[in-house]
Amino acid sequence: MLEGIRVIDFSQYLPGPHATLRLVDMGAEVIKVESPQGDPSRASAGINGNGFVFLTQNRNKKSVVLNLKDPIDRKNALNLISEADVVLESFRPGVTDRLGIGYEQAIQVKKDIIYCSLSGYGQTGSMSHLGGHDINYMSISGLLAQLKDEKGRPVQPSTTIADFVGGISASEAILGALVKKLRTGEGSYIDLSIIDSLFALMSNHIVIEHATGEQHGVSKLNNKYVCYFLYETKDSRFVSLGALEAKFWRNFCTALNKEHWISEHFSLAQPSNPVFNEMKEVFANRTLAEWTQFSHQVDCCLAPVLETGELYNHPFSQERGLIVEKEGIRYTATKYPAIEDYYTAPPKFGQHSDQVKEQYERKV
């Protein structure tokens, strides 16, 4: 879908590379510009000398090494920009201007460039100069306060939700800018903070809190009712029951010969509720496998809580081709490419410098 679109990626670690990964998955050419030290995510624990995060976020890209503090390489970077459609950078505010590759410098060499600055706190404001990580962005957006244990303590997720959502939002904004460019011929400057993108996840919560004072969003979805809850199985695993609609709840109760539960659809998931206690006992009498089989036979919005190691062989993943294994590495799949052998390893450090050297040095 994006064949012929060239993206120059000055970002590192996860949010920016995930944004350009989504673009390369749609067919764009992504040239990853690395410093002489390389993307730091290369050096973390991984496979064959490449960190796990680097492996997962940089497949099918090209790597060019430039020292942006060197005048010649700075000119080379601008020459790359002059032949590109999109630039993405994730430096702190003001850094690209000091390096000579900021938006104002970019539009001097490519008037209709789409230039995305992806940062934690945005390019302006009292917090724009601060460093931050996923856990900080989740905290300030209010998202982390929605993930609490039974004692009310926020629970730190093992996946970096903010980083991924920030990357998704950046790719979305870039796609919108590409549509604008097709319609008007004009480029765009995109100032996107990762926290900006997280506020979309809090949209229901913000409206509900303002209207009612409730801090935890839609009450039906916040661990409150027996029909929408996580239950433990016989083998100490968990299943998710999401029978919000009456038809699904009725299917569930009827299949278990528990018609007396039907009227208790939205009764509270509390120890004082005998139906809740009875439901916990029923779930504890079958294994995860047994409940999984039940979920396929009874249409009641019941699903197993899977661990990471179970995803690859799960029937849904297999049928949809959601994980692809190439050369001993498993990648989350994309539905966009038309070519069969799409999943190639991430580039070696500076692998494509010589390949594009002629393009950007002929203008020096």
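Heavy-atom basis, side chains included; hydrogens, waters and symmetry copies ignored. If you're wondering where the values come from, they're calculated on a predicted model, not measured in any experiment.
In this structure, R330 satisfies the cation-pi test against Y312, with its NZ or CZ atom closer than 6.0 Å to the six-membered ring centre and inside 45 degrees of the ring normal.
The shortest non-hydrogen separation linking S197 to S169 is CB-OG, 2.9 Å. For S141 against F199, the heavy-atom pair with the smallest separation is CA-CE1, 3.9 Å. Of all heavy-atom pairs spanning D39 and P17, the tightest one is OD2-CG, 4.5 Å. Taking every heavy atom of both residues into account, I161 and P157 meet most closely at CD1-CG, 4.2 Å. Here the shortest heavy-atom pairing between L256 and W291 reads CD2-CH2, 4.0 Å.
Atom-to-atom distance recorded for L14:CG and I194:CD1 is 9.0 Å, nearest 0.5 angstrom. The OG atom of S82 sits 16.0 Å away from atom NZ of K111, with the distance rounded to the nearest 0.5 Å. Taken from OG1 in T254 to CD1 in I262, the straight-line distance is 4.5 Å, to the nearest 0.5 Å. Of the inter-residue distances, the one linking E310 atom CD with T292 atom OG1 reads 8.5 Å to the nearest 0.5 angstrom.
Within a 6.0 Å radius of NZ in K180, other residues, nucleotides and ligands contribute more than 12 heavy atoms. The 12-atom threshold is not exceeded at NE2 of H210, counting heavy atoms of other residues, nucleotides or ligands nearer than 6.0 Å. Counting non-hydrogen atoms of neighbouring residues, nucleotides and ligands closer than 6.0 angstrom, the CD atom of Q297 exceeds 12 such neighbours.
With salt bridges taken as basic N to acidic carboxylate O contacts below 4.0 Å, none links K181 and E186. Checked for salt-bridge contact, E232 and R237 miss the test: no charged N lies under 4.0 Å from a carboxylate O. Using a cutoff of 4.0 Å between basic side-chain nitrogens and carboxylate oxygens, D112 and K110 are scored as salt-bridged. Using a 4.0 Å cut-off between charged side-chain N and carboxylate O, E259 and R250 make no salt bridge. Under the 4.0 Å criterion applied to side-chain N and carboxylate O atoms, D299 and K247 are not assigned as salt-bridge partners.
Residues F52 and I329 have side chains not in contact (no heavy-atom distance under 4.5 Å, counting atoms from C-beta outward). Residues V226 and L268 fail the side-chain proximity criterion, which asks for heavy atoms closer than 4.5 Å. Under the 4.5 Å side-chain criterion, counting only non-hydrogen atoms from C-beta, I5 is in contact with L178. Using a 4.5 Å cut-off on side-chain heavy atoms (C-beta onward), I140 and M127 make contact. In this structure, the side chains of I174 and I190 come closer than 4.5 Å at one or more pairs of heavy atoms. Taking 4.5 Å as the limit, some side-chain heavy atom of F294 sits within range of a side-chain heavy atom of L302.
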Exercise for the section: Go through T20 and K61 one step at a time and tell me if the side-chain hydrogen bond (donor to acceptor under 3.5 Å, both in side chains) criterion holds. Expected result: CA-CA 9 Å; T20 55; K61 299 177 183 178; 2.8 Å; yes

Practice task
Please assess E278 against K258 for the test salt bridge (charged side-chain N to carboxylate O under 4.0 Å, His left out), listing each intermediate value before the final yes or no.
Solution key: CA-CA 10 Å; E278 189 177 353; K258 299 290 185 180; 3.0 Å; yes

Handout entry: side-chain contact (heavy atoms from CB on, under 4.5 Å) evaluation trace for T287 with E290
Key = CA-CA 5 Å; T287 64; E290 290 172 318; 3.3 Å; yes

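Donor-acceptor pairing under 3.5 Å is lacking for the side chains of H216 and Q146. For the 3.5 Å distance criterion, the side chains of S117 and Y189 qualify, holding a donor opposite an acceptor.
Aromatic ring pairs are classed by plane angle as parallel below 30°, tilted from 30° to 60° and perpendicular above 60°; the pair F276 and Y231 is tilted.
Residue pairs meeting the salt bridge (charged side-chain N to carboxylate O under 4.0 Å, His left out) criterion with at least one member in residues 196-218: none, sequence neighbours excluded.
Aromatic ring centroids of F283 and F238 lie 6.0 Å or more apart.
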